[in-house]
Amino acid sequence: MTAHRIAMLGTGLIGDFYTATLHRGRNRDRVELVYSRSEERGAAFRERWDVPRSTTSLEAACSDPDIDTVIIGLPNDMHVEAVRLAAENGKHVLCTKPLGRTAAEAKEMLDIVEHHGVFAGYLEDLVYTPKTLAAVKSVQEGALGDILWVRSRETHPGPHSAWFWDENRAGGGAIVDLGCHCIEICRNFIGKDNRPVEVFCWKDTLVHPITAEDHAVALIKFESGAIGQFEVSWAFRGGMDLRDEVSGTEGTIWLNHFLRTGFDMFTTGVGEGYVAEKAESDSGWLFPVGDEINELGYVDMFVDMFDSIDNGTTPQETFYDGYVVNAIMDACFASSDSGRWEPVELVDWRGGSTPRISRQAESFEGHPVIKREILPDGRSKVLYQHSESGEVMEQVTS
């Protein structure tokens, strides 16, 4: 079995989550080198995670001969440079979300890794949560029929690091930070071969003294007619709210990933310790998470990435997926500025064509049925459209 030697780029919260997962995951992949712009933070990270070496040189981290995989957990404005350095040195490249600040940046990174022929994986953890993996499998097996609508919500009190709040460095606000998760969740349920066509988006800055948006809601129209919807906020009070709803012609799925998981605790605050990511308090009613890195999808994400490297297969999330997500976010910003539906501009669409959702209607006395229902007294009613007049009619059948 291959044991991968990893350079972790970045020592922030995501670097901690990633390293904790890797050192637990397949029990053989290890972070051997960490890059930080700060020698002090690099040393603290080494001690915290028992990492042998650190460097303040991005180029040195990406070219180290003892390293085979580079994981990018850096601010968004550093992704292109890090991907280029890693790919030029023949390393496997795994990059945190979002891939780029814009679709143009994401496409540049996609072209770089494909030109150099290196493995590249997009680290979108929330499509790897255990609940999501099980739900997507049910959808792919046809349990919900044709998917009509997916709603994904991520809200919390705001990110941890200063650079997230800098619109130039991050590429945006809550849309770029949280909307990227929601968009890819929608794509996994609706189908990645289903082309996103256009977007209608509202965004605003309602709470924080920043130029980027701290709230947004968007509708994403897909070629089949399905709709993806996201709701994001950096001003939700009470922790982190992660919820998804999936509606199909044959069924519905509701997912609640974080706040309402069946683990509720009340405390006066006498104790000390970490509660959960984005928790705002250590007293009152709290919602701890039993196994945070597993619940957030990190374990299955890295297993998929490194198994794909070892087996020469394509992971669930690729740089191409990251590019599509960025193109949808670009359309969100265009729509919020124009107040109109705006097209999703994909210069490189690889998904083919998806037919519009259509169902063969059930027939009642030669007329297409709209709906059947059971009345309170137990009788059955059928609503149908008259084939000749087009009139909607109803009849109690028993």
Side-chain angles (χ1 to χ4, degrees), residues 12-27 48-49 73 96-97 123-139 143-144 150-161 164 174 177-182 184-186 188-189 229-247 251-304 316-317:
L13 179 74
I14 199 65
D16 283 332
F17 271 128
Y18 285 173
T19 304
T21 307
L22 290 161
H23 288 184
R24 157 186 166 176
R26 304 191 316 165
N27 295 317
R48 190 158 65 245
W49 297 110
T96 193
K97 63 81 193 174
L123 299 181
E124 173 43 79
D125 58 286
L126 290 187
V127 303
Y128 287 98
T129 72
K131 292 175 185 175
T132 301
L133 291 175
V136 168
K137 185 173 185 292
S138 294
V139 167
L144 269 61
V150 180
R151 174 192 178 202
S152 185
R153 170 183 171 89
E154 181 173 2
T155 63
H156 59 56
H160 301 278
S161 298
F164 278 98
D177 181 31
L178 309 180
C180 62
H181 285 304
C182 300
E184 192 61 357
I185 288 167
C186 290
N188 271 267
F189 283 116
Q229 174 182 338
F230 73 68
E231 306 163 8
V232 295
S233 171
W234 274 353
F236 173 79
R237 307 312 300 266
M240 182 158 65
D241 187 15
L242 302 175
R243 282 182 281 167
D244 305 314
E245 300 177 20
V246 188
S247 175
T252 303
I253 292 173
W254 294 341
L255 300 172
N256 196 326
H257 301 280
F258 225 67
L259 281 184
R260 311 304 299 180
T261 61
F263 186 173
D264 299 355
M265 178 177 71
F266 180 87
T267 173
T268 61
V270 66
E272 295 181 358
Y274 177 80
V275 177
E277 184 183 351
K278 305 299 190 300
E280 290 195 273
S281 174
D282 60 2
S283 64
W285 279 108
L286 305 177
F287 310 101
V289 180
D291 185 350
E292 194 165 25
I293 61 174
N294 189 52
E295 294 284 349
L296 288 172
Y298 295 118
V299 174
D300 283 299
M301 178 180 73
F302 279 119
V303 168
D304 180 39
Q316 178 179 326
E317 297 296 316

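Remember, it's a predicted structure, so these values are computed and weren't measured experimentally.
- Proximity of the aromatic rings of Phe302 and Tyr128 is defined here by a centroid distance below 6.0 angstrom, and this criterion is not met.
- Taking CE of Met240 as the start and OG1 of Thr155 as the end, the distance is 9.5 Å to the nearest 0.5 Å.
- When only modelled atom types and interatomic distance are considered, Asp300 and Gln316 share no side-chain donor-acceptor pair under 3.5 Å.
- Cys186 and Ser152 get closest at one heavy-atom pair: SG-CB, 4.4 Å.
- No donor-acceptor pair under 3.5 Å is formed between the side chain of Lys97 and the backbone N or O of His181.
- Between Gly73 and Thr96, the shortest heavy-atom distance links the atoms CA-CG2, 4.1 Å.
- With a 4.5 Å cut-off on side-chain heavy atoms, Ile185 and Phe189 count as touching.
- Between Asn294 and Pro130, the shortest heavy-atom contact is O-CD, 3.2 Å.
- No donor-acceptor pair under 3.5 Å is formed between the side chain of Thr129 and the backbone N or O of Asp125.
- Using cut-offs of 30° and 60° on the angle between ring planes, the pair Trp49 and His23 is perpendicular.
- At a cut-off of 3.5 Å, with distance as the only test, no side-chain donor of Asp264 or Trp285 sits close to an acceptor on the other residue.
- Leu242 CG to Glu295 CD: the interatomic distance, rounded to the nearest 0.5 Å, is 10.5 Å.
- At a threshold of 4.5 Å between non-hydrogen side-chain atoms, the residues Ile253 and Leu144 count as touching.
- Closest approach of Val150 to Val246, counting heavy atoms only: CG2-CG1, 4.1 Å.
- Here Leu126 contributes atom CG and Glu154 contributes atom CD; the two are 5.5 Å apart, rounded to the nearest 0.5 Å.
- Looking at residues two or more places apart in sequence or on another chain, you find a salt bridge (Lys or Arg N to Asp or Glu O under 4.0 Å) between Glu231 and Arg151, Arg153.
- For the pair Pro159/Trp234, a side-chain contact is recorded, criterion being any heavy-atom separation below 4.5 Å from C-beta on.
- Between the side chains of Asp244 and Trp254, no donor N or O sits under 3.5 Å from an acceptor N or O.
- Of all heavy-atom pairs spanning Cys182 and Phe230, the tightest one is CB-CB, 3.4 Å.
- To the nearest 0.5 Å, atoms CD1 (Ile14) and CG (Leu123) are separated by 8.0 Å.
- Counting heavy atoms from C-beta on, the side chains of Leu296 and Met301 never come closer than 4.5 Å.
- Once rounded to the nearest 0.5 Å, the distance linking CG of Leu259 with NE2 of His156 reads 11.5 Å.
- Using a 4.5 Å cut-off on side-chain heavy atoms (C-beta onward), Glu292 and Tyr298 make no contact.
- Put simply, CG on Asp177 and CZ on Phe164 are 5.0 Å apart, with the number rounded to the nearest 0.5 Å.
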